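Take a look at the structure set out below.
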Amino acid sequence: MDSEHIVKSFDSDLLQIESLIAEMGGLVETQISDATTVLTRRDTVLGKKVIELDKRVDEIEFEVDAAVVRILALRQPRAQDLRAVLVVLKLAGNLERIGDYAKNICKRTSVLANSKAIGNSSATIKRMGNLVQEMIKDVLDAYVSRDIDTADDVRLRDQEVDQMHNALFRELLTHMMEDPRNITPCMHLLFIAKNVERMGDHVTSMAEQVHFLVSGKMPDDERPKGDNTSYSSVELNAVNGENNDG
Amino acid sequence: MNMNVETPKEPVDAMTFQLPEELQVKVKTRDVNVHYGEKQALFDINLDVPANHVVSLIGPSGCGKSTYLRCLNRMNDIIDIARVSGKIELDGLDIYDKNIDVVELRARVGMVFQKPNPFPKSIFDNVAYGPRIHGLADNKTELEEIVVTSLQKAGLFDEVKDRLKDSGTGLSGGQQQRLCIARAIATRPEVILMDEPASALDPIATAVIEELIDELRQNFTIIIVTHSMQQAARISQYTAFFHLGYLVEVGDTEQIFTNPVDRRTQDYITGRFG
């Protein structure tokens, strides 16, 4: 940690916003873990808890915003202090979005509860969720300890989430082509997978913010991107062909 | 200030900073050391000040920034125990050369002080004083022209045009400081040194002076000592941080206030114990 400010209350202001981010991060980690459990177990009771928890996450974001406005107005922070204040604003925004995605997973699961399982897609999504959850934990540790190497590492790990999303995307399209009755659950599963993939993007953005906080510069290299679902297609003939052969 | 801070043993490498090549260097300082008797106040200062820019000197009290400022128009000459070594050039001219006329130098390098200090004379005579003693006007009309132009450049003319015969000391604090700026620019200096010119003024008068400084930079090179870091950030293009007699860091003002390189600069501008 940096040396102390001459005005001690400035230090406690900065500690306060840091601990708000830590609290928010903890809640969002729980949200992700629970949301993917809700999906694999079709547990709508736990789903409601995740949705309920999101209110507190939103509240903390407002608290962070208010604290940042107050610090900017009263302290006029400079250099690393200015970065610390600006970065929490973005981190809180990212965490809030991730919480929303977790909430959305639970809402969609309530529709899925009455439909049959589609392959092992739920398990794949759970694994994606676990990866994102670990990334959040690591990026928050990196934030608290001002550890740029860990932050940079987290930033690169999003590729793995993207690749799982790509595979799932193709798998679900194939299921939809095979049987139109799969379309409703598959569409929801696709959106759920996309939610987790977007969570990964937000964690990546958080990692970049930690990099900026520590070094004063945004990472200058282009991040390897793995999500290519925007360009993916599965030909209907291929699916029909397979069926005919069988 | 924490007196336990260890004095740096080595001159600090503040010189990794380079001015952009297209900028003309107006004031060049090389290896300047200043002693007051036995005590050394400045250690090996190297600094280039670009023409038509504002450079802020910041640092805690006693760091040497005012001492450095006073070197630039040889104000330290009037202090018996002060000894200046090294080289300071104004457009390539060594200002400590024995053939330099100090009075003429001070006409080229004007100064504005912390407290407004108008002469107990009329507003007109305050501004006309310099041009008179330097013989800058051949007749009364020319002198009037210099006074009016200087007051206009200092942003004061409209407020005082009907009372040029009134005493300068009757003006408000902010107006007095602008009168002093008008007085400083009446001798057509190239460089203006300002030692905390707004620290005794209210926020409105300060804003007026800051706006004025930004306009003056079209015609002058300005070096300003300020304790207000917000002010340095607002008005200067380059900032130099002094600490314990060393020039620790020089850089683009934006870089100094967003991402300073040296730990001591960072501690100072963020208000930490250094």
Side-chain angles (χ1 to χ4, degrees), chain A residues 1-19 21 67-91 142-149 151-152 207-221, chain B residues 1-6 8 14 16-17 56-63 198-199 203 206-207 210 226-244 248-274:
Chain A
M1 187 63 195
D2 293 307
S3 52
E4 291 174 348
H5 284 93
I6 297 164
V7 178
K8 292 195 181 61
S9 53
F10 193 177
D11 286 323
S12 47
D13 281 354
L14 291 176
L15 274 178
Q16 183 216 356
I17 49 175
E18 201 164 290
S19 64
I21 293 294
V68 164
V69 168
R70 201 184 63 237
I71 293 174
L72 286 175
L74 301 186
R75 311 276 184 210
Q76 288 108 39
R78 284 173 287 269
Q80 87 254 41
D81 294 334
L82 179 60
R83 295 202 294 277
V85 171
L86 295 180
V87 161
V88 290
L89 208 55
K90 293 210 174 186
L91 292 182
Y143 165 64
V144 172
S145 55
R146 305 290 193 262
D147 175 356
I148 196 166
D149 293 334
D152 288 348
E208 287 169 354
Q209 290 304 316
V210 174
H211 182 105
F212 172 69
L213 170 65
V214 179
S215 70
K217 298 184 184 89
M218 290 301 278
D220 46 12
D221 57 317
Chain B
M1 203 174 82
N2 185 350
M3 296 310 289
N4 295 324
V5 175
E6 196 181 329
T16 48
F17 174 75
S56 290
L57 313 180
I58 62 169
S61 297
C63 68
S199 62
T206 299
E210 287 181 5
T226 177
H227 273 139
S228 161
M229 283 176 285
Q230 300 296 336
Q231 183 170 71
R234 285 191 297 261
I235 63 174
S236 63
Q237 290 76 51
Y238 295 99
T239 296
F241 171 62
F242 285 74
H243 187 57
L244 300 172
V248 172
E249 187 169 353
V250 193
D252 287 347
T253 296
E254 186 184 318
Q255 179 254 319
I256 294 279
F257 285 97
T258 55
N259 203 9
V261 177
D262 195 281
R263 179 63 189 238
R264 289 163 292 177
T265 316
Q266 186 163 281
D267 282 350
Y268 180 69
I269 64 164
T270 59
R272 289 181 161 83
F273 293 110

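Naming: A, B, ... by sequence-line order, numbering from 1 per chain. Both backbone and side-chain heavy atoms feed into the values below; hydrogens, waters and symmetry mates do not. Being a predicted model, the structure only gives us computed values, none of them experimental.
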Test ring pair (Phe, Tyr, Trp, His ring centres under 6.0 Å) applied to F257(B) - qualifying residues, sequence neighbours left out:
none

Just by modelled atom types, is the Q230(B) backbone N or O under 3.5 Å from a matching donor or acceptor in the R78(A) side chain?
no

Closest approach of I269(B) and A79(A), non-hydrogen atoms and distance?
CD1-CB, 3.7 Å

Those residues that, when tested against H5(A), pass ring pair (Phe, Tyr, Trp, His ring centres under 6.0 Å) (two or more places apart)
F10(A)

Is it the backbone or the side chain of R75(A) that comes under 4.5 Å from a heavy atom of chain B, or both, or neither?
neither

Do other residues, nucleotides or ligands put more than 12 heavy atoms under 6.0 Å from E254(B) CD?
no

Interatomic distance, K217(A) atom NZ to T258(B) atom OG1 [nearest 0.5 angstrom]:
9.5 Å

